[in-house]
Structures are given as C-alpha cells and as structure tokens.
Amino acid sequence: SHKLHAGDRKIQCLYCHSNVDKSAHANVPSSAVCMNCHRVVKTDSPWIIKLTEMYEKNEPIQWVNVHVLPDYVYFNHQRHIQRGVSCETCHGNVAAMEKVEQVNPLSMGWCVNCHRQPENQAPLNCNTCHR
C-alpha cells in the first residue's frame with residue numbers, strides 16, 4: 001500500500017525507488033528493501049509472512065508495471081528528479097493511493113506540453129526521447 005507507506009508513514013519515494021535520482025530508469029524495490037523494516041514491523045501479518053518466505057528463498061517480488069511507455073520511448077528519471085520535478089508531477093498523488101494507478105497519459109503530447117512551459121524548457125530533439 002503506497003497510501004500506508006508513502007502517505008501515512010511518510011516514507012520518501014527514494015527509499016524504495018533508491019536509484020531513480022542516479023539512473024535513467026526507476027527501480028522497483030527488492031524484498032531486501034522491504035525486509036529492512038519488516039524484520040521487526042508487523043511480522044505476524046499474512047502479507048509479511050509471505051514476503052519473509054520469499055526473501056528467505058531469494059524469490060523476487062512479482063511487481064506489476066503500471067506506468068508503461070512504448071519500447072521506443074526513452075525517459076530519463078534522473079534528469080527530472082535532479083531538476084526538482086516531484087514524483088507527483090507525473091505519477092499523481094501516489095501517497096493517497098492504496099493501489100498505484102496511472103493518472104496521467106504520459107503521452108508525447110502530455111510531455112511536450114510540460115516542456116513548453118518556460119521553466120521546463122530544455123534543449124530537446126527527437127533523439128532525446130526516442131531511441
């Protein structure tokens with residue numbers, strides 16, 4: 001639950017998505033990241049028991065990709081995070097979401113409209129986003 005972790009508990013996005021400010025791609029957390037807290041927090045929860053079993057068997061969490069871009073699109077998270085663009089700008093108020101869902105179209109037009117704003121102008125060409 002992002003509502004519980006990011007919302008109620010105020011855990012920063014970068015705690016679980018640790019390399020998003022250093023890498024072009026956002027990572028999803030491994031069970032080891034979850035276990036940093038859940039070795040001692042809510043250990044009797046059925047969800048945490050299952051997570052612990054997966055962790056001990058070295059089985060990856062089967063995350064569901066919610067924000068899907070076409071294969072030919074290159075989006076660099078690092079550039080945006082380092083310029084101070086908040087996660088909420090593109091992903092919406094994830095801290096209020098029990099289950100994350102895509103709230104913005106993340107289409108070329110949607111991105112270009114953002115980059116048309118004077119504060120967001122950067123030298124762009126087709127190869128900036130298309131690989």
Side-chain angles (χ1 to χ4, degrees):
S1 166
H2 277 77
K3 183 183 179 312
L4 173 65
H5 291 87
D8 300 345
R9 301 286 185 251
K10 308 235 182 291
I11 298 171
Q12 296 297 310
C13 300
L14 286 171
Y15 182 78
C16 298
H17 303 283
S18 58
N19 290 319
V20 73
D21 61 335
K22 301 173 193 79
S23 171
H25 303 285
N27 64 307
V28 292
S30 67
S31 57
V33 172
C34 302
M35 293 305 293
N36 285 338
C37 297
H38 287 296
R39 288 180 203 271
V40 294
V41 175
K42 267 195 107 154
T43 57
D44 57 343
S45 159
W47 290 101
I48 304 308
I49 291 169
K50 182 176 178 181
L51 174 70
T52 304
E53 289 170 0
M54 290 174 65
Y55 173 74
E56 289 172 350
K57 293 177 186 173
N58 203 25
E59 293 176 1
I61 298 170
Q62 298 298 311
W63 296 110
V64 175
N65 193 352
V66 175
H67 299 89
V68 181
L69 297 175
D71 289 339
Y72 58 84
V73 173
Y74 173 77
F75 176 81
N76 189 317
H77 276 88
Q78 177 185 17
R79 288 184 191 158
H80 290 80
I81 298 294
Q82 288 182 349
R83 285 183 162 242
V85 177
S86 73
C87 302
E88 293 81 10
T89 301
C90 301
H91 295 288
N93 186 7
V94 173
M97 295 179 194
E98 191 64 40
K99 183 176 179 182
V100 174
E101 57 189 61
Q102 185 171 322
V103 295
N104 291 309
L106 305 180
S107 64
M108 181 173 150
W110 185 80
C111 294
V112 169
N113 281 338
C114 187
H115 281 278
R116 285 186 177 133
Q117 303 301 315
E119 66 274 14
N120 298 331
Q121 289 184 354
L124 298 176
N125 62 46
C126 294
N127 290 336
T128 302
C129 305
H130 295 269
R131 301 283 164 109

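Basis for what follows: all heavy atoms, side chains included, without hydrogens, waters or symmetry-related copies. Keep in mind the model is a prediction, meaning the values are calculated, not measured.
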Taking ILVMFWY side chains as joined if any heavy atoms are under 4.5 angstrom apart, and letting links pass through other members, which residues group with [X]?
| X | result |
| --- | --- |
| Val100 | Val66, Val94, Met97, Val103 |
| Met108 | Val112 |
| Val73 | Leu69, Tyr72, Phe75, Leu106, Trp110 |
| Val64 | none |

Residues in side-chain hydrogen bond (donor to acceptor under 3.5 Å, both in side chains) with [X], at least two apart?
| X | answer |
| --- | --- |
| Glu56 | none |
| His38 | none |
| Asn104 | none |
| Ser30 | none |

[X] side chain to [Y] main-chain N or O, any donor-acceptor pair under 3.5 Å?
| X | Y | answer |
| --- | --- | --- |
| Thr43 | Val40 | no |
| Asn113 | Arg116 | no |
| Thr52 | Ile48 | yes |

Given side chains that start at C-beta, do those of [X] and [Y] come closer than 4.5 Å, heavy atoms only?
| X | Y | result |
| --- | --- | --- |
| Cys114 | Val85 | no |
| Ile81 | Cys87 | yes |
| Trp63 | Pro29 | yes |

Original post:
Roughly how far apart are Ser31 OG and Asn58 CG, rounded to 0.5 Å?
Top reply: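 Nearest 0.5 Å value for the OG-CG distance: 7.0 Å.
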
Subject >> Summary of salt bridge (charged side-chain N to carboxylate O under 4.0 Å, His left out) pairs that have at least one residue in residues 5-25, sequence neighbours excluded >> reply: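 Pairs touching residues 5-25 that pass the test: Lys3-Asp8.
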
Original post:
Can you tell me if CG on Asn125 sees more than 12 non-hydrogen neighbours from other groups inside 6.0 Å?
Top reply: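 More than 12 heavy atoms, drawn from other residues, nucleotides or ligands, come within 6.0 Å of this atom.
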
Original post:
Should Val33 and Tyr55 be regarded as members of a common hydrophobic cluster, given that ILVMFWY residues are connected when their side-chain heavy atoms come within less than 4.5 Å of each other, either directly or indirectly?
Top reply: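 In one cluster with Val33: Tyr55, no.
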
**OP:** Write out all pairs satisfying side chain to side chain donor-acceptor pair (under 3.5 Å) with one or both partners inside residues 75-99, taking only residues at least two apart or from two chains.
**Re:**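 Sorted result for residues 75-99: Ser1-Glu98, His67-His91, Tyr74-Asn76, Ser86-Glu88, Ser86-Thr89.
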
Original post:
Can you list the residues that meet the side chain to side chain contact (heavy atoms under 4.5 Å, CB included) rule with Glu59, with sequence neighbours excluded?
Top reply: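 Once residues adjacent in sequence are excluded, the partners of Glu59 under the side chain to side chain contact (heavy atoms under 4.5 Å, CB included) criterion are Met54, Lys57.
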
Original post:
What pairs with Gln117 under side chain to side chain contact (heavy atoms under 4.5 Å, CB included), at least two apart in sequence or on another chain?
Top reply: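 Once residues adjacent in sequence are excluded, the partners of Gln117 under the side chain to side chain contact (heavy atoms under 4.5 Å, CB included) criterion are Glu119, Asn120.
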
